[in-house]
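Just below is one structure, and these are the notes that go with it.
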Amino acid sequence: MQRYFLLENAELNQRFFLHNNEDIHHIKNVMRMTVDDEIIITFNDQKSMICKIIDFHEQNIEVLTLEDTTRQTELPVEISIASGLIKGDKYEWMIQKATEMGAHYFIAVQSERSVVKLDHKKQSKKIDRWQKIIKEASEQSMRLTIPDIRYMSNFNSVCDIINEYDYVLIAYEEEAKRGGTSNLHQIGSNLKKGQKVLIIFGPEGGLSEKEVALFEDGYNISLGPRILRAETAPLYALAALSYQLELMR
């Protein structure tokens, strides 16, 4: 059953209206749905309900909520991914898969070693595209929320917000070279429900020593003995923490 999001609080046996043009196009022209067809809508209060299409209007689609099918699909902690910009469609692939794996928030950063440079004039259009990818991945993976994404011009700006987090982790390849492998596991074991974690990743060339030094109060972590690609590293970290937080408890 197709899933969509609606930024209103859910109520059973109530009528709602879908206004998102892309959702309307998908329902009408891609799925070719008709009156009495059913969809699932995830609401702003993280409830998912089976809804029946009541009517197609010129500017919206009217639906009726029939059944609460909410199932907890969010990670028990909020994990934000701050990563340097990487080439081509690799960043888009990463945020899509990281959304499927439970990431709560994304920060795209213009790192010292980023080959990609985000033109100021194109920032808004690029962020809109990234947000669309995240929304579609959230629908596909039965998420109860749609992660947000923002752009920061350097890691100094990221440093300004670290007080918002309970843990700040820095994926640093030098830590792997030194053989350090225990930090991620230890922190994962100590995490409590509702805590906020920021994990910082570099671009293809990794984080510079200057960037790592910005987060001296954080924890340098290794992602195992192998050196991972920039687009793979966030997924490894999410998978490792998901295993500890969801499958081992």
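For the numbers below, each heavy atom of this structure counts, side chains included, while hydrogens, waters and symmetry mates do not.
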Which of parallel (below 30°), tilted (30 to 60°) and perpendicular (above 60°) describes Phe155 and Phe215?
perpendicular
Of all the heavy-atom pairs spanning Lys192 and Gln195, show the shortest one and how long it is.
N-OE1, 2.8 Å
Nearest 0.5 angstrom please: Ile221 CD1 to Tyr236 OH, how far?
9.5 Å
Contact check, side chains of Thr34 and Asp37, non-hydrogen atoms, under 4.5 Å:
yes
Got a salt bridge between Glu92 and Arg129, using NZ or NE/NH1/NH2 to carboxylate O under 4.0 Å?
yes
With a 4.5 Å heavy-atom cut-off, do His26 and Gln2 have their side chains touching?
yes
Are any side-chain N or O atoms of Thr65 and backbone N or O atoms of Cys51, one a donor and one an acceptor, separated by less than 3.5 Å?
no
Side-chain heavy atoms of Leu198 within contact of Val158, under 4.5 Å
yes
Look at Asp55 together with Arg15 and state whether they make a salt bridge at an N to O cut-off of under 4.0 Å.
no
Are Thr99 and Lys135 close enough that some pair of their side-chain heavy atoms sits under 4.5 Å apart?
no
So, for Ser111 and Pro203, which heavy atoms are closest and what is the spacing to 0.1 Å?
OG-CD, 3.5 Å
Does any part of the side chain of Ser208, heavy atoms only, come nearer than 4.5 Å to the side chain of Arg113, both counted from C-beta?
yes
4.5 Å side-chain heavy-atom contact, Arg150 and Ile107
yes
Which residue pairs pass the ring pair (Phe, Tyr, Trp, His ring centres under 6.0 Å) test when at least one of the two sits in residues 88-140, sequence neighbours left out?
Tyr91-Trp130
Side chains of Ser157 and Asn154: do they bring a donor and an acceptor to under 3.5 Å?
yes
Non-hydrogen side-chain atoms of Leu75 and Ser242 separated by less than 4.5 Å:
yes
If I compare all heavy atoms of Leu245 with all of Gly188, which pair ends up nearest, and what's the gap?
CD2-O, 3.8 Å
Is Val63 isolated, or which residues cluster with it under the ILVMFWY side-chain rule of less than 4.5 Å, directly or via members?
Tyr4, Leu6, Leu12, Phe16, Leu18, Ile24, Ile27, Val30, Met31, Met33, Val35, Ile39, Ile41, Phe43, Met49, Ile53, Phe56, Ile61
Ignoring hydrogens and geometry beyond distance, is a side-chain donor-acceptor pair present between Ser189 and Gln244 at under 3.5 Å?
yes
